[in-house]
Every structure is written in C-alpha cells, then in structure tokens.
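Comments concern the structure below.
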Amino acid sequence: MAGASSLTELPQIRYEDPLARIDWQAVDRECWWLPPQLLSLAGVPQFERLDLRTRQRLSHLEYVHLLEAGLWLESQFMARLAHLAHRCPDVGRRARFLHEVREEAGHSLMFVELLQRSGYGVDSRRAFGTRAVDLLGGLLSSRSALFWAMVVIGEELPDQLNRRLRRGVEEATLSSVVYRIADIHTRDEAMHCALAREQCRQSAAQCPAWQRALLAPALSFAIDLYARYVYFPSASTYERAGLAPARLWRARAHANPNRRAQVSQMLRPTLEFLNRSGWRVRSRYGPRR
Ligand SMILES: [Fe+2]
Ligand SMILES: [Fe+2]
C-alpha cells in the first residue's frame with residue numbers, strides 16, 4: 001500500500017465525478033446507514049431494547065457525524081494541498097497533490113448532496129476537539145514532520161470506519177447510497193493514505209530524533225482529539241436521533257466496552273505505522289501495551 005509508487009509519478013487514474021456515479025433517487029431512511037454492530041451504542045442493553053426505527057435513526061445520525069468529520073478534515077487537506085502544489089517545484093508531485101484536491105472536493109460534494117437529500121442537514125455546532133486541532137494545525141509548516149503525521153491520522157481514522165462499513169454490508173440491510181459513497185471514498189483514500197504515509201516517513205526521517213521526542217506528546221494529544229471526535233459522536237448526535245437525555249447516551253457510548261475495543265482496533269494500524277516511522281506515540285483509546 002504505502003510507498004507503492006514514487007511520489008513524483010502520477011498513477012494513471014481516470015477521474016469520474018462521484019456525483020454522477022451515484023443514484024441519488026435511492027436515498028432511503030428506512031434502512032441502516034451504518035451496520036448495527038458499528039454503532040457507538042452497539043451491545044449496550046438500554047440501546048438494544050429500543051425499537052428498530054430508533055436504532056436505525058441513530059445509524060443515520062452517526063453516519064451524518066462521519067460525513068461532518070469528513071467535511072471538516074477534507075477542507076483542511078484541500079487548503080493545504082492546494083498551497084503545497086502551488087509551491088512544489090516537482091511537476092509530478094504537484095500533479096499528485098492537485099489530483100488529491102480534486103478527489104477530496106468530489107468526496108465533500110457527495111457528503112453535501114446526501115446531507116441535503118436526507119433532510120438531516122449539517123450540524124453547525126463545532127466540537128472543542130476540532131477547534132484545538134485547527135489551532136495546532138495552523139501553527140505547523142506543511143513541510144514539518146508533525147504536520148504529515150497529523151495528515152496520516154486525519155486520513156486514516158475515518159477511512160477505518162468506512163472500510164468496516166463496507167464489510168458490514170452482508171450482515172445488515174444497508175442503504176445502497178451510503179454503501180456506494182463509502183465504496184468510492186475508500187478506493188480513493190487508499191491512494192491518499194499511501195501518499196500521506198510516504199510524506200510522513202520522509203519528513204520523520206529528516207527530523208532529528210530529539211525533536212520527534214519533544215513533539216511526540218503533542219502528536220499523542222492530537223491522536224486522542226481526532227479519535228474522540230471521529231469515533232465518539234457529540235451529544236448533539238444522540239439528541240438529533242431522539243435519544244434523551246443525550247449526555248447520558250453519550251456517556252454510555254464512551255463507557256461501552258464494544259466501542260472501546262473497536263476503536264482500539266481501528267487505531268492500531270495508524271499507531272503502529274507512526275511508531276515504525278520513529279514517533280513514540282500512544283493513545284488512551286489505543287491498544288494497551
Ligand atoms: Fe476523502
Ligand atoms: Fe483523503
């Protein structure tokens with residue numbers, strides 16, 4: 001996967017507008033948008049006792065949360081990648097950055113289209129974690145090792161959830177539109193993750209060990225913020241799904257051992273990669289050592 005092709009080669013990819021590849025008439029709310037076993041409250045007895053409609057509605061809102069996380073992260077990537085492309089002296093690398101900008105814009109357009117058609121709209125309340133990461137990210141140079149380590153995290157954490165969503169299609173009646181979005185997204189993301197990993201490896205190798213040691217706590221902090229934001233929806237998600245009191249349901253999700261185990265598995269590949277690249281990082285949500 002990572003490093004399969006040189007950064008200066010643009011792979012032969014035919015670009016197709018994802019908006020034109022989806023049958024938007026098929027948007028359906030009478031089914032699961034995330035497989036039930038992937039919900040933050042999966043296995044929680046009080047949740048499992050609720051009727052099917054309510055549990056499916058939470059699957060819609062948790063997926064909407066994933067779309068909102070995607071919109072936030074992709075807006076960051078697009079801005080940085082466009083800037084990097086503009087300053088890049090290597091034409092091949094510049095083309096790869098711009099190709100990724102085009103793909104991320106296509107993904108964001110898919111997300112917005114589904115949000116509009118579903119009637120759920122966008123929740124404009126912003127989590128503390130996103131503001132903290134914006135602040136931290138804004139201070140970093142696009143050439144720094146810490147910046148690329150954060151890009152790897154931002155690309156891979158939502159992608160892990162999307163990959164599980166695709167695998168869960170055999171066990172639940174999943175929305176065909178949601179499945180298609182996840183399918184298109186994960187295929188494109190394989191290339192994005194490879195590019196981010198390659199940049200991360202190169203920049204970490206050029207960063208002195210003492211600097212990485214000094215920056216590792218900030219990176220571990222960022223991993224926790226991302227993981228908390230992406231994998232543990234805010235109280236407003238439960239509120240919009242009709243689960244009251246929302247804060248109690250959120251606390252149940254946080255304490256849910258099934259969710260904890262899933263999150264730990266989803267974080268594992270990224271944590272292992274960063275450690276192999278010379279970052280001594282850990283996460284309170286990751287596997288116990
Ligand atoms: Fe994307
Ligand atoms: Fe991406």
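Order of listing sets the numbers, starting from 1, for every ligand and every atom in it. We number each residue from 1, following the sequence as shown.
At a cut-off of 2.8 Å, Glu74 is counted among the residues with an N, O or S atom near the Fe ion (ligand 1). Residue contact annotation: Glu100 places no N/O/S atom under 2.8 Å from the Fe ion (ligand 2). The Fe ion (ligand 1) has Glu104 among its coordinating residues (N/O/S atom, backbone or side chain, under 2.8 Å). Coordination check, His107 versus the Fe ion (ligand 1): passed, since an N/O/S atom of the residue sits under 2.8 Å. Not a single N, O or S atom of Glu155, from either the backbone or the side chain, sits less than 2.8 Å from the Fe ion (ligand 1).
Nearest N/O/S atom of Glu189 with respect to the Fe ion (ligand 1) is recorded as OE2. For His192, the N, O or S atom with the smallest separation from the Fe ion (ligand 2) is ND1.
Between the side chain of Glu113 and the backbone N or O of Trp24 there is no donor-acceptor pair closer than 3.5 Å. Put simply, the side chain of Gln206 never gets that close to the backbone of Arg201: no donor and acceptor are under 3.5 Å apart. Counting only distance, with no hydrogens or angles, the side chain of Arg29 and the backbone of Arg57 share no donor-acceptor pair below 3.5 Å.
The local environment of CZ in Arg117 is crowded, with over 12 non-hydrogen atoms from other residues, nucleotides or ligands closer than 6.0 Å.
Proximity of Asn162 to Glu189: side-chain heavy atoms (C-beta onward) are nowhere separated by under 4.5 Å.
A cation-pi contact, defined as under 6.0 Å to the ring centre and within 45° of the axis, is absent between Arg252 and Phe47.
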